[in-house]
Amino acid sequence: MVSDTFSRFKSEVSTVLADALAKLGVDSPVVLDIAPDGMGDLAFPCFPLAKQMRKAPNVIAQELASSIMAGDLIEKVEAKGGYVNFHVGYDGLAQSVIEDALARKDRYGAGEPKKDKILLEHTSANPTGPLHVGRARNPIIGDTLARVMRMAGYDVSTEFYVNDVGRQVVVMTWGVKHLKLDDEPDRDADHYRYVLYYQKANKCAEEDPAILKQMDEMLYKLEHGDEETVAIARENCERVLQEIKKSMKRLNIEYDGITWESKFVQDGSVDRVIEALKRSEFSVEVDGAYHLELESFGISGRETKWVFTRSDGTSLYTTRDLAYHLDKFSRTDIPINVLGEDQKLGMQELAAALKIMGVDRKPDVVFYSFVSLPEGRMSTRKGRVVYIDDLIEEATERAYEEVKRRRPDISEEKMRGIARVVGVGSLRYNIIRIQAEKQIVFKWEDALNFEGASAPFVQYAHARACSIMNKAVELSGKFDARHLITDHEKALVKIISRFPSIIEDCADNRRAHPLAAYAQELAAQFNQFYRYIPVLKAEGEVREARLALVEASRWTIRNTLMCLGIDAPEEM
RNA sequence: GGGCGCGUGGCCUAGUCCGGAUAUGGCACUUGCCUCCUAAGCAAGUGGUCAAGGGUUCGAAUCCCUUCGCGCCCGCCA
């Protein structure tokens with residue numbers, strides 16, 4: 001049984017409170033608050049009990065407080081107004097938390113292994129061009145969630161679903177085959193070139209119905225397994241995908257698996273889905289095209305039809321997605337999708353279709369709102385777009401200037417290394433720190449902020465901890481936490497003790513932004529400690545205890561950054 | 001027209017699920033701090049009708065209703 005110290009304190013408090021309430025003959029759930037500074041650590045509000053017990057809250061609080069004894073981790077219980085405040089036994093907490101961190105190192109904060117297997121799909125961008133910042137939220141949320149859930153103890157596999165069938169691939173492929181480019185691509189890379197073909201081909205299709213017809217024929221061939229068409233479409237997608245993966249790798253994002261949409265067309269599973277849906281009582285045929293009537297499933301709006309085949313019999317994206325989800329269900333316990341908010345209706349429809357097919361499962365979905373520019377929504381067509389590659393380069397360049405200014409003493413190679421880690425970290429941090437359902441307006445000044453609530457702020461605290469540890473060569477390995485008596489030390493210990501429950505909370509609620517906030521809080525507390533509490537100049541057992549605290553801080557900061565997909569440099 | 005989400009100091013943001021003690025933190029601005037383990041840091045200060053109105057409650061940023069503003073969706077696109 002691996003359980004962190006703060007959780008043990010919390011469950012101890014819950015237990016004694018429940019006992020005390022039972023003794024008073026009160027039936028009430030135990031809900032604990034984090035107490036404000038100076039009021040202890042956990043608080044139990046007695047106000048809800050007032051009516052039931054017909055007593056004033058402060059009287060109840062006093063009765064409860066006097067009936068509860070200090071315990072293993074509970075040092076003091078006191079009534080304050082309508083609250084019962086619980087103070088953690090600090091010495092015990094400190095010793096045990098620091099020992100835990102020092103023993104577990106990069107596993108400090110990890111939860112018990114869970115039996116559920118998670119398949120987390122993210123990014124899944126159309127392979128028709130480079131990713132822009134509007135899209136960046138998806139891989140960053142997805143990858144961070146995957147890291148957090150692994151830390152929490154789940155067996156997580158990430159997956160990129162490649163849409164290599166469907167209209168947009170045909171348009172791109174037709175363009176590559178038939179068109180000549182007028183403009184040079186922004187970069188000498190396949191995806192920057194292919195997106196130009198895609199854009200030009202779209203224009204051609206709009207202007208010339210004959211071309212549109214050619215594309216329709218190509219789409220039909222693609223879906224019916226015409227070897228040449230399948231091969232060339234796949235080849236084009238593969239090239240663009242490789243480039244997208246390179247961009248993502250620069251952000252510390254890699255995928256455990258790639259699933260090609262075409263697989264479900266070729267192995268017949270899409271056909272089976274279509275046949276099953278056609279048999280349902282909700283299925284209706286119009287001009288050879290089939291749809292489901294979903295009004296009775298809570299779908300509302302101008303249109304409640306959900307079309308699953310075109311009149312030529314070919315499938316649609318959502319139909320294939322249905323086959324993909326059935327495949328996912330066979331491979332995992334918990335499927336999680338990271339999707340833009342524009343997919344909300346689609347997921348509702350997917351859930352309804354699954355129900356109609358008699359499948360009693362559906363994916364968990366993490367939705368996020370889009371990143372826009374101050375001028376409005378990002379649009380490749382209007383040239384109103386910031387590419388992720390450009391953002392990475394700009395951030396890295398900006399970081400390089402900072403390093404060069406601050407650290408003229410280190411080698412060029414080291415400067416470049418730190419700049420990369422700081423630049424990339426800043427980007428990830430600035431995306432993940434904001435709760436997913438909130439819209440983000442992209443501003444360069446925010447994206448390139450290296451102070452306050454930013455990755456470099458946290459990385460800097462880590463580098464400082466490393467710097468101390470590197471200079472403290474002679475370590476006994478033994479320490480007595482009772483020497484950590486200042487407020488700065490106590491506050492730092494308490495923040496470190498909260499890390500495991502932060503991980504658990506993020507994993508349970510499938511959200512990552514609290515971890516970013518925690519990183520900032522932890523680093524800020526460490527910086528205060530660093531400023532006011534001398535470590536290397538301290539002597540004897542005090543020095544040993546402080547070094548142990550620095551080492552515990554170092555691991556906690558590092559593990560926090562790792563979960564955020566941000567590297568923790570040892571110097572900067 | 002219908003559905004979903006968001007609205008917190010000049011700007012960004014936590015807290016909202018599960019109502020409780022002076023509403024969290026950052027940016028910007030003002031002012032201090034490097035003979036002292038890296039100043040990408042620390043400290044202090046200015047700044048708030050928690051979109052608006054109503055309701056429930058001993059108590060509302062949090063729950064309910066209405067309104068307004070913004071985003072997204074309602075394709076034989078993906």
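A note on names: the letters A, B, ... follow the listed sequences, proteins ahead of strands, and every chain is numbered from 1.
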Q. When you match A:Lys305 and A:Asp33 each to their closest nucleotide on RNA chain B, which lands nearer the 5' end?
A. A:Asp33
Q | A:His488 NE2 - B:G41 C1' separation (whole Å) | A | 13 Å
Q. So does A:Asn470 have more than 12 non-hydrogen atoms from other groups sitting under 6.0 Å from CG?
A. yes
Q | Whole-Å gap separating P (B:U24) and OH (A:Tyr518) | A | 20 Å
Q) Is A:Glu521 side chain donor-acceptor paired with the B:G25 base, going by distance under 3.5 Å alone? A) no
Q: Can you figure out which of B:U38, B:G75, B:G41 approaches the side chain of A:Glu451 most closely?
A: B:G41
Q. Taking atom C1' in both B:A28 and B:A60, what distance in whole Å separates the two?
A. 32 Å
Q.
I need the CZ-P distance between A:Phe457 and B:U38, as an integer number of Å.
A. 17 Å
Q) What nucleotide among B:U13, B:G5, B:C76 has an atom nearest to a side-chain atom of A:Ser311? A) B:C76
Q) Has the side chain of A:Asn85 got a donor or acceptor that lies under 3.5 Å from a partner of the other kind on the base of B:A21? A) yes
(Q) Suppose we call a contact any N or O donor and acceptor under 3.5 Å apart; does that hold for the side chain of A:Arg302 and the base of B:G2? (A) no
(Q) Suppose you measure atom P in B:G71 against the same atom in B:C65; what distance do you get, rounded to whole Å? (A) 24 Å
Q) Toward the 5' end of RNA chain B, which comes first, A:Glu402 or A:Asn449, by nearest nucleotide? A) A:Asn449
(Q) What contact category does A:Val403 fall into here, base, sugar-phosphate, or nothing, at under 4.0 angstrom with non-hydrogen atoms? (A) base
(Q) Nearest whole Å is fine: how far is B:U38 C1' from A:Lys537 NZ? (A) 14 Å
